Amino acid sequence: MAEICYFGGLVHYKAPSPLSHHSLFRSKPHHYNSFSLMAASVSAECCSSSTVEPPSLLVFSGGTGFNGVVEELKKLTTRVAHVLPVSDDGGSTAEIVRVLGGPAVGDIRSRCLRLSDESTSEALAVRRLLGHRLPIDAHNAKKDWYDIVEGNHSLWDGVSRPYSETIRAFLIYFQNEILRRPNERFCFSNGSIGNFFFAGARIFFQSLDAAIFLFSRVSEIPCNSLVLPVISTNDRLTLGCILQDGTIIRGQNEISHPTNGTMQTVDKRHCSTSALPSKIKRVFYMSSEGNNLLHEVFPPVNPTVLEQLRSVDCIVYAMGSLFTSICPSLVLLGVGEIISSRSCRKVLLLNGTQDRETRGFTASCFVTAIADALNRTHGDPNIRLKNPPGRYINTLLVPKDGEIAVDLKQLSEQGINDVRVVETVGDPKHGVLFNPSSLINTLAGLVE
């Protein structure tokens, strides 16, 4: 049983082994650095039970754009490695990073929830709990949070004791970590319970991989689906970009959806933000204190991402924010080398609408940006590649009636001749989107 002790006005959480509350974890060794190996083992065991394996995919995406087709993708295959950035600094993620440090987990939490089980009433209750956001009003948010931490909130209805004790243990641990920093006042406004759970688990294990493994087991993600941070780290990561006019912008949110330093909800509607003063030349990682190119850092890519790239049947660059959701996963050393060496399907899903990052882009501009990121064209010349775009993308899926012009001649000159139009749906907030079933049917025709 979790034990809460009070010393000097601070709450100290004592839990030698929070995972022991649930039978899913009782047989697992307490070597937390090996969670990624455990996850791979579970996935291998799951796959071995099937005589005919469905196709395997690796998807580069952010936490929003591809979420709408995840459910439909499950009907084709669950053998999917979802590769996500850990540099998001907007929304409640920003407050966690500000007070507790560490990588941003918002995109990972969002994808894990989309992949979570919905087949039982308890699975739905767990999903509802971890997907809950606190009120915008700071006073009401704190009251809502304390009701959840103390186990009195209606969100716990339908969650069995083993699950509730496991989840609550890490929420309490998160709360304890906040209280240990009395000089930093944490704002719970619009906070994500899933993000708080994730942060508590990461700090407890001192491992992002372990936190993802735990979240995956609690939310019952398909055992052969992987949610992979492109960089496996416990450190804060800051994304920067340099524009073609030489301007440097620091922070993913400031590049993509600036909020002027407020705690407001990030508005990701395609028409909601002003254009950048100049087009983006490249994105890069920078130190937490830096604000120019002298502070560029080169974090290593997650080795599991490279392993998956070597073996999957299809590589997908998903729709979403091109420079802040997709390219941060492509600029890392080793990614371009492996993708260019593969002869599998390499599919770009073109956005249906323009956004702040890509205003004025044609389809071939998207291809150029991805190829430049993988080649590291505008970075250190000592690690630059010179592969043509066709080595990285061989198929383009275009949303019907989308805003982005498809310049077939330029695409052909880039080596991309397989261009397919996919049915779409209209969305009042996000504009033209792929019809999920049509998109997955098209992908199925490519990989099967």
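Only this structure's heavy atoms are used, side chains among them; waters, hydrogens and symmetry mates stay out. Here the structure is a predicted model, which means the values were calculated and not measured.
Between Val159 and Glu122, the closest heavy-atom pair is C-OE2, 3.6 Å. Taking both residues in full, the closest heavy atoms of Asn417 and Ser412 are given as OD1-OG, 2.9 Å, listed atom of the first, atom of the second, then distance. Pro229 and Val305 make their closest contact through O-CG2, 4.1 Å (heavy atoms, listed as atom of the first residue, atom of the second, distance). Between Phe361 and Gln354, the shortest heavy-atom contact is O-NE2, 3.1 Å.
Checking Ser116 against Glu220 by side-chain atom types alone, no donor-acceptor pair falls below 3.5 Å. Checking Asp407 against Ser364 by side-chain atom types alone, a donor-acceptor pair falls below 3.5 Å. For the residue pair Thr362 and Gln410, no side-chain donor N or O sits within less than 3.5 Å of a side-chain acceptor on the partner. Defined by atom type and a distance below 3.5 Å, a donor-acceptor pair is missing between the side-chain atoms of Arg79 and Asn224. No donor-acceptor contact under 3.5 angstrom links the side chains of Thr424 and Asn435, judged on distance only.
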Open item on the list: What verdict does the side-chain contact (heavy atoms from CB on, under 4.5 Å) test give for Leu208 and Val86, after you've listed the backbone C-alpha separation in whole Å, the side-chain angles of each residue and the deciding distance to 0.1 Å?
Closed with: CA-CA 10 Å; Leu208 180 57; Val86 286; 4.1 Å; yes

TODO: Go through the steps for Leu226 and Gln308 under the test side-chain contact (heavy atoms from CB on, under 4.5 Å), then give the verdict.
DONE: CA-CA 10 Å; Leu226 297 175; Gln308 291 293 314; 3.5 Å; yes

TODO: Any chance you could lay out the side chain to side chain donor-acceptor pair (under 3.5 Å) test for Asn190 and Ser92, step after step, and finish with the verdict?
DONE: CA-CA 7 Å; Asn190 199 43; Ser92 70; over 6 Å; no

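In terms of modelled atom types and a separation under 3.5 Å, the side chain of Asp144 and the main chain of Leu134 share no donor-acceptor contact. Counting only distance, with no hydrogens or angles, the side chain of Lys346 and the backbone of Thr395 share no donor-acceptor pair below 3.5 Å. Under the 3.5 Å distance criterion, the side-chain polar atoms of Ser110 are left unmatched by any main-chain donor or acceptor of Gly106. Within the 3.5 Å criterion, the main-chain N or O of Ser437 finds a donor-acceptor partner in the side chain of Asn441. Judged purely by atom type and a 3.5 angstrom limit, Ser225 uses its side chain to pair as donor or acceptor with the backbone of Thr78. With hydrogens and angles ignored, the 3.5 Å screen pairs a side-chain donor or acceptor of Arg342 with a backbone N or O of Leu309. Remark: the backbone N or O of Ser256 is not paired with any side-chain donor or acceptor of Thr324 at under 3.5 angstrom. Here the side chain of Asp89 pairs a donor or acceptor atom with the backbone of Asn253 at under 3.5 angstrom. A donor-acceptor pair under 3.5 Å links the side-chain atoms of Arg384 to the main chain of Thr377, judged by distance alone. Looking at Gln252, its side chain does come within 3.5 Å of a backbone N or O of Asp88 through a donor-acceptor pair.
The CD atom of Glu357 sits 9.5 Å away from atom CG of Asn351, with the distance rounded to the nearest 0.5 Å. Atoms OG and CD1, on Ser219 and Ile167 in that order, are 9.0 Å from each other to the nearest 0.5 Å. Atom CG of Leu214 is separated from atom OG1 of Thr166 by 7.5 Å, given to the nearest 0.5 angstrom.
Here Lys74 does not pair with Glu118 in a salt bridge; the nearest charged N to carboxylate O distance is not below 4.0 Å. Under a 4.0 Å N-O distance rule, the pair Arg98/Glu95 qualifies as a salt bridge.
Each of Phe198, Phe204, Phe186 was compared with Phe174 under the ring-ring contact (aromatic ring centres under 6.0 Å, His included) criterion, and only Phe186 meets it.
Judged as a side-chain hydrogen bond (donor to acceptor under 3.5 Å, both in side chains), and not counting sequence neighbours, the contacts of Ser61 are Arg111. Every residue two or more places apart in sequence or in another chain was checked for a salt bridge (Lys or Arg N to Asp or Glu O under 4.0 Å) with Arg236, and none qualifies.
Around atom NZ of Lys281, no more than 12 heavy atoms belonging to other residues, nucleotides or ligands sit under 6.0 Å away.
For an aromatic pair to be called close, the ring centres must be under 6.0 Å apart, and Phe215 with Phe197 satisfies this.
The ring-ring contact (aromatic ring centres under 6.0 Å, His included) analysis of residues 314-335, with sequence neighbours excluded, yields the pairs Phe60-Tyr317.
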